[in-house]
Number of protein chains: 2
Amino acid sequence: MSDLLQRLRGRGWRLTAQRRVVAEVLDGDHVHLTADEVHARAAARLPEISRATVYNTLGELVSIGEVIEVSTDGRAKRYDPNAHRPHQHLVCSRCGTIRDVHPSGDPLAHLPSSERFGFTVSEVEVTYRGLCPNCATA
Amino acid sequence: MSDLLQRLRGRGWRLTAQRRVVAEVLDGDHVHLTADEVHARAAARLPEISRATVYNTLGELVSIGEVIEVSTDGRAKRYDPNAHRPHQHLVCSRCGTIRDVHPSGDPLAHLPSSERFGFTVSEVEVTYRGLCPNCATA
DNA sequence: TCCTACACTAGACAGAGTCTAAGTCAAGAT
DNA sequence: ATCTTGACTTAGACTCTGTCTAGTGTAGGA
């Protein structure tokens with residue numbers, strides 16, 4: 001994640017304690033935290049960090065493409081730091097667990113041009129839903 | 001849509017004026033209204049209908065599978081009555097226009113079992129994003 | 001070390017959705 | 001046709017998520 005801090009500095013970001021902590025909290029695989037969860041974990045290390053700063057920092061990370069915003073449940077958005085490898089999400093309909101999964105082939109190719117209605121299609125978002133092993137046996 | 005009213009009666013629903021109006025408002029193709037829009041249109045015909053009733057009715061229609069809930073923008077959910085024909089959504093990133101599009105093949109098949117991690121996968125939700133013809137030229 | 005533009009904070013505000021308590025009414029029973 | 005009852009509806013308070021603002025603090029260049 002220090003890579004990330006270097007990249008941010010390269011973009012002219014001031015490296016404040018708050019931004020560092022938010023970046024650290026988001027480090028790791030299969031991380032899909034809500035803004036409030038990021039705030040709670042950041043506040044554990046830096047108690048005076050405010051919600052607004054967490055929202056601002058997350059928004060900035062999203063807008064420069066370092067983090068992806070995911071809304072799998074229509075409630076709070078979740079933030080996924082695994083932005084550099086294209087992937088999709090597999091969500092448990094009961095407990096809400098989210099896993100990153102990897103596409104076989106380019107999902108964009110599955111939309112025939114006759115179904116594009118003149119749109120310039122540039123992205124596709126795929127969410128698989130079902131029951132995770134735990135919830136399936138319960 | 002009177003089909004729908006029959007199906008609801010078959011499920012033991014009381015056919016109230018409010019439920020009838022909500023069902024009528026949702027009738028049609030490429031309808032993707034927010035709950036507030038449904039409420040506004042319903043109130044045009046039945047001024048005393050409350051927001052809570054609209055939310056309740058929409059929730060009931062979703063839970064029996066007559067209507068699909070779509071959240072394409074992370075803000076208000078939208079309600080899509082075209083629930084009986086499987087389809088996906090094509091969304092303009094600038095103006096938010098939504099079109100229904102139809103898959104070629106079963107998108108569920110594109111997730112290899114090695115990428116299912118023991119989940120029982122039953123649904124897939126696909127959203128294509130890009131610019132609509134209007135926004136692309138502007 | 002000083003300066004200043006950028007960043008941070010607390011808290012008010014806004015939008016979407018849920019909940020509750022009290023009143024209303026659809027539809028089966030009489 | 002009227003009664004009865006529990007499901008349905010209502011208004012409005014409340015919660016949750018996210019945004020905005022005005023004032024304060026500070027990173028990093030001069």
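Every heavy atom of this structure was used, including side-chain atoms; hydrogens, water molecules and symmetry mates were not. Just so it is clear: chains get the letters A, B, ... in the order the sequence lines come, proteins before strands, and each one is counted from 1.
- For the side-chain hydrogen bond (donor to acceptor under 3.5 Å, both in side chains) test, residues two or more places apart in sequence or in another chain that qualify with A/R78 are A/E37.
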Salt bridge (Lys or Arg N to Asp or Glu O under 4.0 Å) assessment of A/E60 paired with A/R19:
CA-CA 10 Å; A/E60 290 156 354; A/R19 286 171 167 175; 3.4 Å; yes
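- The neighbour count for A/R41 CZ, taken as heavy atoms of other residues, nucleotides or ligands under 6.0 Å away, does not exceed 12.
- In this structure, the separation between CH2 on B/W13 and CG on B/L5 is 9.5 Å, given to the nearest 0.5 Å.
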Solution key, residues 66-73 of chain A side-chain donor-acceptor pairs under 3.5 Å, sequence neighbours excluded:
unit_1	atom_1	unit_2	atom_2	d
A/E66	OE1	A/R7	NH2	2.8
A/E66	OE1	A/H84	NE2	3.1
A/E66	OE2	A/R7	NE	2.7
A/D73	OD1	A/R75	N	2.9

What pairs of nitrogen or oxygen atoms, one from the protein and one from nucleotides 21-28 of chain C, lie under 3.5 Å apart?
unit_1	atom_1	unit_2	atom_2	d
C/dA27	OP1	B/L15	N	3.1

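- We find that CG of A/L5 is positioned 11 Å from P of D/dG28, with the value rounded to whole Å.
- Scanning residues 36-56 of chain B for heavy-atom distances under 4.0 Å to DNA chain D yields B/E48, B/I49, B/S50, B/A52, B/T53.
- If you measure from atom CG of A/L61 to atom P of C/dA7, you get 13 Å, rounded to the nearest angstrom.
- With D/dC8, C/dC8, C/dG17 as the choices, the nucleotide that has an atom nearest any side-chain atom of B/A76 turns out to be C/dG17.
- An end-to-end axis angle of 20° holds for the helix from C/dT1-D/dA30 to C/dT30-D/dA1, taken from five base pairs per end and rounded to 10°.
- Whole-Å rounding puts the A/L8 CG to C/dA7 C1' distance at 14 Å.
- Within the model, atoms CZ of B/R116 and CG of A/L90 stand 9.0 Å from one another, a figure rounded to the nearest 0.5 Å.
- Legend: residues meeting side-chain contact (heavy atoms from CB on, under 4.5 Å) with B/P112, ordered by chain and number and at least two apart, are A/S104, B/S114, B/E115.
- Annotation: the span from B/Y128 atom OH to B/I98 atom CD1 amounts to 15.5 Å, rounded to 0.5 Å.
- Distance CZ (A/R11) to P (C/dA7): 14 Å, rounded to an integer number of Å.
- For B/Q18 and D/dA7, the CD to C1' distance is 12 Å, given to the nearest whole Å.
- If you take CG on A/D80 and CG on A/L26, they are separated by 9.0 Å, rounding to the nearest 0.5 Å.
- Atom-to-atom distance recorded for B/C92:SG and B/R129:CZ is 10.5 Å, nearest 0.5 angstrom.
- A distance of 8.0 Å separates OG1 in A/T57 from CD in A/Q18, rounded to the nearest 0.5 Å.
- Atom CG in A/D73 sits roughly 15 Å away from atom C1' in D/dG18 (whole-Å rounding).
- The 5' end of DNA chain D is approached more closely, in terms of each residue's nearest nucleotide, by B/G12 than by the other of B/R75 and B/G12.
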